[in-house]
There are 2 protein chains.
Amino acid sequence: MGPARDMRIPRARCVWDIARVSFEEMWADLLPIGRSASTGGYFRAPFASAERELVAWYAHEAAARGLDVTYDGQGNAIAWWRPEGSAGAGVLIGSHLDSVDNGGAFDGPLGVVSSFAALDALRDRGVVPNKPIGVAMFVEEEGSRFGLACLGSRLATGQLSAEAAASLRDRDGVWLLDAMSTAGLEPDLGPSSLLEGVEAYVELHVEQGRDLVNRDRAIAVASNSWAHGRWRFDFAGEPNHAGATRMDDRRDPMLTYAMTALAANKQARLSGARATFGRLEVYPNVTNAIPEEVRAWLDARGPDAAMVDQLVAAVERQARERAERDGTTVTVTAESGSPTVDFDVPLGARLAAVLDDAPQIPTGAGHDAGILQLAGIPSAMLFVRNPSGISHSPAEYAEMADCLAGVEALATVLTELAA
Amino acid sequence: MGPARDMRIPRARCVWDIARVSFEEMWADLLPIGRSASTGGYFRAPFASAERELVAWYAHEAAARGLDVTYDGQGNAIAWWRPEGSAGAGVLIGSHLDSVDNGGAFDGPLGVVSSFAALDALRDRGVVPNKPIGVAMFVEEEGSRFGLACLGSRLATGQLSAEAAASLRDRDGVWLLDAMSTAGLEPDLGPSSLLEGVEAYVELHVEQGRDLVNRDRAIAVASNSWAHGRWRFDFAGEPNHAGATRMDDRRDPMLTYAMTALAANKQARLSGARATFGRLEVYPNVTNAIPEEVRAWLDARGPDAAMVDQLVAAVERQARERAERDGTTVTVTAESGSPTVDFDVPLGARLAAVLDDAPQIPTGAGHDAGILQLAGIPSAMLFVRNPSGISHSPAEYAEMADCLAGVEALATVLTELAA
């Protein structure tokens, strides 16, 4: 990200100085962690050094505020503020700290930093909530290391079984349990009690699109999260010499893959869904050999699960037809899937109302808030305007003024829900 | 490879027992080196452990035969047999020891093992050559590590400048010079004197095709080697979120690549040339991000250089047209190129004549013999039948009887050329 481009904050939306200073300090502390000097992108893979530094930072910020941090065996945590006299179920805010490889600074950490800053704003205003307020940190939200997005919240809520999780390995063959142990955790993959006593979750996140730019608004409330999933396509052929093998004698899985990638794009355009092949592994991946195998991951999303399933089925059908011609084979494995999640309607309406009739918009991305909603915890999301709409990239950005508007929005929401 | 399937050798083609035993022992010694237990393929990258073990084996076999080994600063070597009374220019046989990643056992080592066994056959027959005979070992023939095929012979003959070679790095960023030093060499990238006094080179190689199967012959002589080269295609786009980015807002380089891969295949089929995209790198290569860059290597070959150039130009043109539509960019870099090489015609005719009118066939693969031919050393090749035609793969194979026929052919050739 570049330097903050506009530090002037419209008076009407100005958060108190203490929250602004607090936000800026925390943000400056996080900026260097896991940042690549060559690309400017972030490499904050879960259970590895940069992300662990962020987790230590989280514990430090919680301690500095006198919050009571509860960890679970899955790598998630909540830093609780339980003011004297507060009782009953609590309100949870927060997000995640991990990034995709070469991702941006905002996706995840913005929600956690804004949450701490919102607590600072409440305290500075003398607001004493009558319910506990927690700042959550969920682990491996991106699925960048173990291939399954929202891993921490799925485990905590029992939406991923301990058995299935125990079979997960990263690209280097490291088992999830070993990665957790190496990071100093005492892993327990079963559901956790971390979220007991949470009556609502509000996750703040940088927008991943330009809806707010088009609407000329800084903050939105999420309406729903699209259905999405990941499918692994294994294209198998016959390895052979690139120079000596006649074109007619080939069984080249790269061709089957290439046609499939184009077909996925076309199907998504035709159906109004989204499809991406962003990850690929080629064996043996040498210039002068026809590959033996091409392994490719399809990320598919759409407003509803049926549309996504139809899209994937159509892509798979076209892949098989091409494989027939290429003399190759295709095996498709569903690695993860999430239905459309409608965030809690009364909660969303209440938030939009207290936030100057904030627009309610859908999101094509999956989030922990969607997992908690599916687990029966009324959940909502706040989006902060992103000038380019770009995310999962070093170019991901939000203006400082909009970030502070996000802090103010969170403080307003907490006052509404917990005070 | 499987076990030798037919150990009976037709009486008329039987090599002397000493050569057969020698071949089989050497072959058995080499089989485990650099072999993957999971795929059965070979990983013998130059200047790394498995290939260095092969080089030590080569020195051991040379010493056991009392040969005089000369090394050059580029990693190549010749083991000379200079019988008393032999004088003048020498005849060279041999091949290389490195393999592509997950390659076969035969491509390279078959030529070196057969060369030692042919010397054993001559000696056992009491043949005393009146010219020196050398067994050559050229390094990094496959270009699997530094991306440039026939690296050792190009350097030795001055067809690759020391300056250009000094800029070569492997995929881990290791410089060629550092790799050589780590392997214990005292590198000198300038042309070497290794090949001075060589009047002819005959390289024996497993066939990379099924020509000999179709002809029902065990041995062929090479007529020419196709023009070939490697081109790197860099497709650049805009990284973004796979779920949140509308299809219309994307600049996805994977699509441009996919169309280019299909176009290359089609162009090759139309023109009678060969084109392969077998190596690919995707950045950042994560499931839920549209890639920022796709880097792909095109291997293109054809009977003449003009046809290859036309093929690459046509592929590049189609890539650019598609890039225009995708909002991406394409940069094409020629990494290596070799013209068509006609092997020495009188030498080839002489070899075919003494080998029962062996057929003369072209090869789509590049070889060190082609580099030596271009350097003015009359060169020829012998091919040994390959039942499946498959090479650069664990399935690469030759029957033991055909391998021994190769040894006998080499012995016959040496008797013709050096005795």
Side-chain angles (χ1 to χ4, degrees), chain A residues 41 100-103 142-144 147 149 208-210 226 228 230 238-249 252 254-255 257-259 261-262 265 268-269 274 276-280 282-292 297 299 301 363-366 389-395, chain B residues 41 100-103 142-144 147 149 208-210 226 228 230 238-249 252 254-255 257-259 261-262 265 268-269 274 276-280 282-292 297 299 301 363-366 389-395:
Chain A
V100 296
D101 280 358
N102 208 31
E142 299 290 1
S144 68
Q208 299 171 295
R210 283 198 298 254
W226 277 16
H228 60 277
R230 298 176 179 195
E238 184 176 76
N240 213 330
H241 193 289
T245 314
R246 295 187 307 171
M247 299 310 288
D248 284 341
D249 291 343
D252 184 351
M254 186 68 88
L255 301 175
Y257 163 68
M259 200 290 299
L262 295 175
N265 184 264
R269 287 176 182 274
R274 287 172 196 157
T276 311
F277 276 105
R279 179 181 172 199
L280 209 61
V282 181
Y283 306 93
N285 208 30
V286 299
T287 306
N288 56 354
I290 297 161
E292 178 172 7
W297 282 260
D299 180 301
R301 324 233 179 177
T363 168
I390 292 175
S391 67
H392 284 193
S393 151
Chain B
V100 295
D101 281 357
N102 207 31
E142 299 291 2
S144 67
Q208 299 170 294
R210 285 196 298 253
W226 278 16
H228 60 277
R230 298 175 180 194
E238 184 177 76
N240 213 331
H241 193 290
T245 314
R246 297 188 307 170
M247 299 308 289
D248 284 342
D249 290 344
D252 184 352
M254 186 66 89
L255 302 175
Y257 162 69
M259 200 289 300
L262 295 176
N265 184 264
R269 287 176 182 275
R274 287 172 197 157
T276 310
F277 276 104
R279 180 181 171 197
L280 209 60
V282 181
Y283 305 92
N285 207 31
V286 299
T287 307
N288 56 353
I290 298 162
E292 177 171 9
W297 281 260
D299 180 300
R301 324 235 179 176
T363 169
I390 291 175
S391 68
H392 284 192
S393 151

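Residue numbering restarts at 1 for every chain, and letters A, B, ... go by the order of the sequence lines. Values below: all heavy atoms of this structure, side chains included; hydrogens, waters and symmetry mates excluded.
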Between B/Asp248, B/Thr276, B/Asn265, B/Asn285, which residue shows the highest count of heavy-atom pairs closer than 4.5 Å to chain A?
B/Asn285
Taking all non-hydrogen atoms of both residues into account, name the closest pair between A/Ala261 and B/Ala258 and its distance.
CB-CB, 4.1 Å
B/Asp249, B/Leu280, B/Ile290, B/Thr363: which one forms the most heavy-atom pairs within less than 4.5 Å of chain A?
B/Leu280
On a heavy-atom basis, the closest approach of B/Pro291 and B/Pro284 is CA-CD, 4.2 Å
Interface check, chain A: of B/Met259, B/His228, B/Glu292, most non-hydrogen pairs under 4.5 Å belong to B/Met259
Does any backbone or side-chain atom of A/Arg301 lie under 4.5 Å from a heavy atom of chain B? Answer side chain, backbone, both or neither.
side chain
Top contributor to chain A contacts, counting heavy-atom pairs under 4.5 Å, from B/Arg246, B/Glu238, B/Gln208, B/His241:
B/His241
Counting heavy-atom pairs under 4.5 Å with chain B, the top scorer among A/Asp101, A/Val282, A/Asn102, A/Thr287 is A/Thr287
Find out whether the Lys NZ or Arg CZ of B/Arg230 is both under 6.0 angstrom from the six-membered ring centre of B/Trp297 and within 45° of the ring's axis.
no
So which residue, B/Ser393, B/Gly364, B/Ser391, B/Ala242, ends up with the most heavy-atom pairs under 4.5 Å with chain A?
B/Ser391
Using non-hydrogen atoms only, which part of A/Tyr257 is less than 4.5 Å away from chain B: side chain, backbone, both, or neither?
side chain
Within the side chain of A/Arg269, is there an N or O that forms a donor-acceptor pair under 3.5 Å with the backbone of B/Met247?
yes
Going by side-chain contact (heavy atoms from CB on, under 4.5 Å), name the residues that satisfy it together with A/Glu142, two or more places apart in sequence or in a different chain.
A/His96, A/Asp98, A/Val100, A/Asp107, A/Ser144, A/His392, B/Asn288
Pairs of heavy atoms under 4.5 Å with chain A: top-ranked of B/Asp252, B/Leu262, B/Thr245
B/Leu262
If you take all heavy atoms of B/Gly389 and A/Asn240, which pair is closest and at what distance?
O-OD1, 3.8 Å
